[in-house]
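Only one structure is covered here, and it is reproduced in the block below.
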Amino acid sequence: MEKLQESVYKLIVETSTNLPNDVRRAIVSAKAKENAGTRAALSLTTITDNIGMADVNVSPICQDTGMPTFEIKVPVGVNQIEMKKAIYLAMEQATADGKLRPNSVDSLTGQNSGNNLGEGTPVIHFEQWEKDVIDIRLILKGGGCENKNIQYSLPTELEGLGRAGRDLDGIRKCIMHSVHQAQGQGCSAGFIGVGIGGDRTTSYSLAKEQLFRTVDDVNEVEDLSKLEAYVMENANKLGIGTMGFGGEATLLGCKIGAMNRLPASFFVSVAYNCWAYRRLGVVLDQSTGSIQEWLYKDDETVDLNSASEEVAATTEEKQEVREVVLEAPITEEQIRELQVGDVVVINGMMHTGRDAIHHHLIDHDAPIDLNGQIIYHCGPVMLKDEEGQWHVKAAGPTTSIREEPYQGDIMKKFGIRAVIGKGGMGPKTLKALGEHGGVYLNAIGGAAQYYADCIKGVKGVDLMEFGIPEAMWHLEVEGFKAIVTMDSHGNSLHADVAKSSLEKLFEFKEAVFK
Ligand SMILES: O=C(O)C[C@H](O)C(=O)O
Ligand code: SF4
């Protein structure tokens with residue numbers, strides 16, 4: 001198995017940097033359905049540009065390279081202990097090369113292991129089979145979409161949909177509800193895997209297994225096939241849209257599996273995967289470990305730009321967008337002029353801050369003067385060169401709602417004027433934006449290459465003890481674009497979309513599968 005480590009390394013790099021064709025086709029076809037010039041179409045263009053940049057740069061599509069999960073089938077007699085060792089070495093190498101972000105954190109101390117290895121990371125599942133080759137599939141599913149997974153225990157009452165019983169229609173309601181509760185926070189438009197039955201653990205595993213089916217795969221079970229088709233048609237009527245900005249494309253794939261359950265239990269588990277649906281596989285020679293075949297790859301070069309031009313030529317509808325250039329330090333007056341829908345173009349400095357920093361700043365001083373400054377909710381992939389200079393390898397926004405308990409207080413305490421993130425924030429932050437004179441800017445989740453390209457210099461780093469993703473990086477940017485989705489006048493696009501999509505969810509209350 002002398003080639004095994006190298007083969008696994010290639011699998012990791014390709015999975016992190018090169019989105020499979022079935023996913024590309026789904027994204028391109030979603031883009032074709034959005035009217036040119038709308039926020040949804042512009043977001044999808046950023047996403048397709050980002051996919052292309054990751055190809056060229058051979059760098060992570062999204063900075064969150066997720067929980068690496070290997071599903072492996074081996075012939076009887078293959079040494080699984082040796083295989084694990086090779087996987088660990090490949091993981092370390094991919095992390096050192098900036099293809100994976102160091103993502104394994106001690107749950108009690110918060111210490112980042114730095115090499116993506118640790119208790120429970122990576123996830124490796126082995127299964128024996130009768131074939132004489134090794135099949136390794138890898139999924140890199142990020143934390144933001146993982147947080148939007150949901151499990152239902154039937155029967156239950158669902159907001160907007162009423163009673164969900166222990167039948168196909170109850171399952172239908174759970175799935176519709178799951179898409180609604182995710183809103184844009186898992187970087188919609190997304191893909192869902194659904195597991196019906198099992199116990200709480202196996203139900204979720206079954207849901208995740210569905211994510212290994214290709215987007216165009218048709219379910220062999222007739223009832224499930226009908227349900228998959230129903231969900232694809234109707235979840236997209238909720239109007240949540242890409243990034244939760246509203247629009248036609250909310251869900252790009254739905255795959256459902258069922259397994260037996262206990263008489264007393266009836267679980268429906270939904271695994272939500274963002275548009276950055278990174279999963280690939282390889283078939284390996286069992287004696288050398290060399291790659292014989294790639295899975296989820298085909299020879300087509302999917303044209304990432306085709307759809308937008310076609311639609312631009314045939315549609316007249318365009319949203320008028322006002323562009324405002326900002327450079328820190330920003331005054332309260334500048335912030336008060338901004339309205340939901342404006343596009344802000346940022347030049348100059350911004351500072352990253354996410355979970356650990358927000359927790360820290362509540363009862364500590366900031367390492368720099370943050371008055372009038374911009375905080376970017378981002379945990380980048382960084383590499384240090386031989387001269388000790390840091391370089392940004394990937395730097396998209398993280399889900400902002402996690403900072404909801406802290407954000408308003410921190411903005412007021414330090415005089416911060418703008419925060420950039422994705423998925424929006426809640427009423428506490430909205431109120432603080434009004435009182436203090438602050439703004440929330442939504443960047444496109446997952447577009448880590450696109451934003452890394454706007455970062456022209458790393459001017460320093462503080463609080464490195466929190467690990468690379470959680471440290472405070474001081475970044476100089478040029479032409480960094482984000483959309484005002486919460487302003488200082490009490491307006492929130494996120495609250496509006498949550499409300500209108502809930503009203504639409506009510507329309508799916510009546511039984512469909514009797
Ligand atoms: O950890 C991150 O960088 C982002 C995360 O995947 C998220 O979606 O919030
Ligand atoms: S930031 Fe968005 S695209 Fe990236 S892993 Fe998180 S949910 Fe996925």
Side-chain angles (χ1 to χ4, degrees), residues 15-17 19-20 23-24 26-27 30 43-44 46-51 53-54 59-69 98 100-105 110 112 116 121 139-149 179 182-193 211 240 242-245 250-253 271-279 352-358 375-382 392-404 407 419-425 442-452 466-471 473 482:
T15 310
S16 177
T17 62
L19 209 58
V23 178
R24 290 178 191 237
I27 293 171
S43 310
L44 282 162
T46 304
I47 286 171
T48 50
D49 286 352
N50 185 73
I51 296 168
M53 291 169 87
S59 278
I61 296 161
C62 175
Q63 76 291 335
D64 183 1
T65 52
M67 176 62 89
T69 304
L100 291 178
R101 186 179 70 184
N103 250 4
S104 180
V105 175
N112 193 315
N116 266 309
T121 351
I139 187 163
L140 299 174
K141 184 175 186 295
C145 60
E146 183 69 8
N147 291 348
K148 299 320 290 185
N149 293 357
V179 176
Q183 291 289 301
Q185 288 169 0
C187 288
S188 54
F191 300 80
I192 53 173
L211 294 174
I240 295 165
T242 302
M243 289 300 124
F245 290 165
T250 297
L251 197 64
L252 300 177
Y272 191 98
N273 206 109
C274 49
W275 67 260
Y277 182 15
R278 292 154 286 174
R279 52 110 173 86
T352 67
R354 51 177 289 168
D355 310 66
I357 297 281
H358 281 77
I375 289 290
Y376 182 22
H377 296 161
C378 169
V381 180
M382 306 292 294
V392 182
K393 302 308 281 182
T398 193
T399 318
S400 302
I401 196 71
R402 297 194 305 270
E403 316 319 334
E404 180 67 5
Q407 194 66 78
V419 292
I420 311 170
K422 58 118 173 158
M425 302 194 73
N442 203 121
I444 309 303
Q449 290 305 309
Y450 179 85
Y451 293 113
F466 296 146
I468 286 180
E470 299 279 350
W473 296 94

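Order of appearance sets the numbers: ligands from 1, and atoms from 1 within every ligand. Residues: numbered from 1 along the sequence shown. Treat the numbers as computed from the prediction; the structure is a model and nothing was measured.
- Proximity of Lys148 to ligand 2, defined as any heavy-atom pair under 4.0 Å, is not found for any part of the residue.
- Tyr272 is listed as a side-chain neighbour of Ser188, based on a closest heavy-atom distance under 4.5 Å.
- Enumerated by chain and number, the residues approaching ligand 1 to less than 4.0 Å through a heavy atom are Gln63, Asp64, Arg101, Gly143, Gly144, Arg354, Thr398, Thr399, Arg402, Lys422.
- With hydrogens and angles ignored, the 3.5 Å screen pairs a side-chain donor or acceptor of Glu470 with a backbone N or O of Ala356.
- Checking Ser104 against Thr121 by side-chain atom types alone, a donor-acceptor pair falls below 3.5 Å.
- With Thr352 contributing its side chain and Ala471 its backbone, the two residues share a donor-acceptor pair below 3.5 Å.
- Shown here are the side-chain contact (heavy atoms from CB on, under 4.5 Å) partners of Ile401, two or more places apart in sequence or in another chain: Gln185, Thr399, Glu404.
- For Asp64 (side chain) and Thr398 (main-chain N/O), no donor-acceptor pair under 3.5 Å exists by modelled atom type.
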Open item on the list: Quick one, Val23 with Ile51, criterion side-chain contact (heavy atoms from CB on, under 4.5 Å). Give me CA distance, side-chain angles, the key distance, then yes/no.
Closed with: CA-CA 11 Å; Val23 178; Ile51 296 168; over 6 Å; no

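- Below 4.0 Å from some heavy atom of Arg278 lie the following atoms of ligand 2, by number and element: 5 (S).
- Expressed to the nearest 0.5 Å, how far CD1 of Ile47 lies from CD1 of Ile61 amounts to 11.5 Å.
- Neighbours of atom 2 (Fe) of ligand 2 restricted to protein N, O or S atoms under 2.8 Å: the count is 1.
- Distance check, rounded to the nearest 0.5 Å: CZ of Arg101 to OG of Ser16 gives 10.5 Å.
- Checked against side-chain contact (heavy atoms from CB on, under 4.5 Å), Ala448 has the following partners two or more places apart in sequence or in another chain: Gln63, Ala394.
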